Amino acid sequence: DDATPAERDEEEDTVLADVLDARIGAPIRTLLDHAREVRDPPWVLAERVDGVISDASEAMVAEIAETELSRAYERGKLATWSKGSAARRWIVSPQGHRRDDHCHQNAKTGALPPDEPFPSGEQAPPRFSGCTCTTSAAEEEDDP
């Protein structure tokens, strides 16, 4: 059921925690260290922390929006291919994709029919927020 929220596994929670730490936690720790050294007043530190959170929030909102647009596009392609029974393959973008073993395993699988999920369990990318994978119709010689 598409209305049911997807459950996240521990790996996804770890990835989310790492992203939040990199975008918010680490910069705030740096600000705190600097504020201690130069003895910034609390209101200056509060403004700087607010700036870090605002910048991170804007970046995360943009990434989520891009991911959801990609998800809608990929599901549209899947629906079209399902009508024609075209096989498709998972493609890992050479740019901007962090190392994800599931995405690479999906790509190595080769061509699959539209009704068959990839090894990671997804029917189509993106697997996670920020995933830049896509699918492509398989060439005739690649068909399963």
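Counting from 1, the numbers follow the sequence of the chain as shown. The structure presented is a predicted model; accordingly, all values stated were derived computationally and were not measured.
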For [X] versus [Y], what's the shortest heavy-atom pair and its separation?
X: Pro119; Y: Thr109; result: CG-OG1, 3.0 Å
X: Phe118; Y: Gln123; result: CE1-O, 3.5 Å
X: Ser136; Y: Ile91; result: CB-CD1, 3.2 Å
X: Pro27; Y: Ala22; result: CD-O, 3.4 Å
X: Cys103; Y: Phe128; result: SG-CE2, 4.0 Å
X: Ala124; Y: Trp90; result: C-CZ3, 3.7 Å

If you round to the nearest 0.5 Å, how far is CD of Glu122 from NE2 of His102?
8.5 Å

Distance, nearest 0.5 Å, that separates CZ of Arg39 from CG of Leu45
14.5 Å

So do the side chains of [X] and [Y] get within less than 4.5 Å of each other, counting heavy atoms only?
X: Cys131; Y: Thr67; value: no
X: Asp21; Y: Arg29; value: yes
X: Arg89; Y: Thr135; value: no

Could you list the donor-acceptor pairs under 3.5 angstrom formed between side-chain atoms of residues 49-56 and any protein atom two or more places apart in sequence or on another chain?
unit_1 : atom_1 : unit_2 : atom_2 : d
Ser54  : OG     : Asp50  : O      : 3.0

Hphob cluster co-occupancy, Leu31 + Leu20, side-chain heavy atoms under 4.5 angstrom:
yes

Report yes or no: do Val44 and Ile28 belong to one cluster of Ile/Leu/Val/Met/Phe/Trp/Tyr joined by side chain heavy-atom distances under 4.5 Å?
no

Please determine whether a side-chain nitrogen of the Lys or Arg among Arg71 and Glu74 lies less than 4.0 Å from a carboxylate oxygen of the Asp or Glu.
no

Does Asn106 reach the main-chain N or O of Ser120 with its side chain, forming a donor-acceptor pair under 3.5 Å?
yes

CA sep, side-chain torsions, deciding dist, call: Arg23, Met60, side chain to side chain contact (heavy atoms under 4.5 Å, CB included):
CA-CA 9 Å; Arg23 291 190 179 165; Met60 289 169 60; 3.0 Å; yes

